[in-house]
Structures are given as C-alpha cells and as structure tokens.
Amino acid sequence: MSVTLPQGLNPTQLDEFVRLGVYDYSDLATQTAPIPVTANTITYLTNDALGFLTNTAYGLSDVPVLWDNNEFTWQHLNMGDVVDIRTDLRVTTTQPNQRVEVDLMLGLGDVNEYAIAFAETTFKSVGTYIMNNYSSIYMGNSLTKENPAKFFVRSDEDASVVVNGWYCKVLKKGM
C-alpha cells in the first residue's frame with residue numbers, strides 16, 4: 001500500500017494514524033425462529049450473518065472478518081485497536097416488570113473470561129421491544145484479543161429474542 005504523508009509528518013509518526021472499517025452482520029435464522037430464553041439462564045445469541053442487510057464491503061482489507069461461526073474473533077486486530085458494537089435485538093417478554101440484560105462475554109474458553117454489560121432494561125408490560133445498544137471494547141490485553149467473544153441475554157422471566165444483527169466499527173491504530 002502506498003501512502004502519501006501529510007506535509008511535515010515523518011514515517012515514525014505513522015502509528016498515530018487510525019484506520020476505520022465497518023462491518024454489519026444481519027441474522028436470518030431468528031427472523032422465523034426466535035431464540036428462546038429460559039428465566040435466569042444465560043442464553044448465547046446467534047447470528048448467522050445471512051440476512052439481506054449483512055454488509056462487510058466497508059471493512060479493512062487486513063481485517064476480513066470479525067464475526068464467524070457465531071462468535072467474534074479478534075485475530076486480525078492488534079493490541080490497542082478498538083471495536084465499537086451496536087446490537088439490534090427484538091425481545092418479547094412474558095411478564096410485567098420483566099428485567100432483560102444483554103452482555104458481551106469476552107475471553108471465552110479462558111478461566112478468566114469476563115462480561116461487559118451492554119444493556120439492562122425493565123419492561124413494564126408484556127410485549128415485543130427493540131433493544132438497540134452501543135458500546136466499545138479495545139484490545140487491551142491478551143485475554144481479550146486471543147479469545148473469542150459472544151453476546152448473551154439473561155431475563156428474570158422467560159422471553160424470546162430475534163437478532164436483527166450487529167454493526168461493528170473497527171478503529172485500527174497505525175498504518
């Protein structure tokens with residue numbers, strides 16, 4: 001790749017640049033078969049990336065994929081890179097005052113796996129609700145970078161979830 005440096009910038013300053021890639025993974029399967037959520041049970045969210053809104057055309061050439069086989073993979077990222085993620089879910093509740101939480105579990109497979117809260121909502125009445133939430137993570141340690149991640153949902157009552165998809169923005173440090 002050929003890069004023209006701005007006037008006054010020397011090659012040793014290239015690590016100050018940030019490149020941006022966009023990935024949008026739309027699910028098809030849960031549109032007709034929502035994910036059942038049993039009360040007080042961690043339920044991982046699937047996304048087959050086969051929905052008609054899936055678009056990875058604006059991704060970075062050195063990051064060909066972020067979501068693969070129903071999990072995030074960070075193998076093409078470097079320490080210090082950032083991933084912003086927006087979830088788009090349709091949740092159907094079964095009881096009034098039902099609490100629903102969505103978290104991202106990172107470091108999967110390691111004894112030190114950990115979760116980052118994405119959403120926590122109490123729905124006052126039974127119904128179907130859109131949950132759009134946005135948060136960031138960064139590759140700040142090898143536990144995060146070298147292990148997959150998945151979204152999960154938990155509810156204090158039975159529910160069902162349709163995964164419309166998730167949009168991801170990668171901010172990659174350096175050239």
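Because only heavy atoms are used, hydrogens play no part in the values below, and waters and symmetry mates are left out as well, while side chains stay in. All of these numbers come straight from a predicted model, not from anything done at the bench.
- Judged by distance alone, the side chain of Ser125 and the main-chain N or O of Pro96 form no donor-acceptor pair under 3.5 Å.
- In the hydrophobic clustering of this structure, Val162 does not group with Val100; members are Ile, Leu, Val, Met, Phe, Trp, Tyr whose side-chain heavy atoms approach within less than 4.5 Å, directly or through other members.
- Between Tyr114 and Thr144, the side chains place a donor N or O and an acceptor N or O closer than 3.5 Å (distance only, hydrogens not considered).
- Listed by chain and number, the residues in a side-chain contact (heavy atoms from CB on, under 4.5 Å) with Tyr44 are Ile42, Met105, Leu108, Lys150, Phe152 (sequence neighbours excluded).
- The side-chain contact (heavy atoms from CB on, under 4.5 Å) test applied to Ala29 returns Asp27, Asp48, not counting sequence neighbours.
- Here the closest heavy-atom approach between residue Asp62 and residue His76 is recorded as O-CB, 3.4 Å.
- Tyr129 meets the ring-ring contact (aromatic ring centres under 6.0 Å, His included) test with Phe123; sequence neighbours excluded.
- Nearest heavy-atom pair across Met139 and Val83 is CE-CG2, 4.5 Å.
- Note on Ile116: it clusters hydrophobically with Val170, by side-chain heavy-atom contacts below 4.5 Å among ILVMFWY residues.
- Every side-chain contact (heavy atoms from CB on, under 4.5 Å) that Arg86 has, sequence neighbours left out, goes to Tyr134, Tyr167.
- Residues satisfying the salt bridge (Lys or Arg N to Asp or Glu O under 4.0 Å) criterion with Lys169, sequence neighbours excluded, are Asp84.
- When the side chains of ILVMFWY residues are joined at heavy-atom separations under 4.5 Å, either directly or via intervening members, Val18 and Leu66 end up in two distinct hydrophobic clusters.
- A distance-only check finds a donor-acceptor pair linking the side chain of Thr30 to the backbone of Val163 [under 3.5 Å].
- Remark: the backbone N or O of Ala39 is paired with a side-chain donor or acceptor of Asp158 at under 3.5 angstrom.
- Neither side chain, Asn55 nor Asp24, offers a donor N or O lying under 3.5 Å from an acceptor on the other.
- Checked by atom type and distance alone, the side chain of Gln98 pairs as donor or acceptor with a backbone atom of Gln95 at under 3.5 Å.
- Between Asp81 and Lys172 there is a salt bridge, since a side-chain N of the basic residue sits under 4.0 Å from a carboxylate O of the acidic one.
- Taking hydrophobic clusters as Ile, Leu, Val, Met, Phe, Trp and Tyr residues chained together by side-chain heavy-atom distances below 4.5 Å, Leu77 does not share a cluster with Tyr138.
- A pairwise comparison of heavy atoms in Ile130 and Arg90 identifies CD1-CG, 3.8 Å as the closest pair.
- When every heavy atom of Gly165 is checked against every heavy atom of Asn47, the shortest pair comes out as CA-ND2, 3.7 Å.
- Between Phe72 and Trp166, the ring-plane angle classifies as tilted under the 30° and 60° cut-offs.
- Contact detail for Ala149 and Trp67: the closest heavy-atom pair is O-CZ3, 4.2 Å.
- Heavy atoms only, all atoms of each residue included: Thr43 and Pro36 are closest at CG2-O, 3.7 Å.
- Val22 and Leu60 fall into different hydrophobic clusters, defined by Ile, Leu, Val, Met, Phe, Trp and Tyr side-chain heavy atoms under 4.5 Å apart, directly or through other members.
- Applying the salt bridge (Lys or Arg N to Asp or Glu O under 4.0 Å) criterion to Asp103, with sequence neighbours excluded, gives Arg154.
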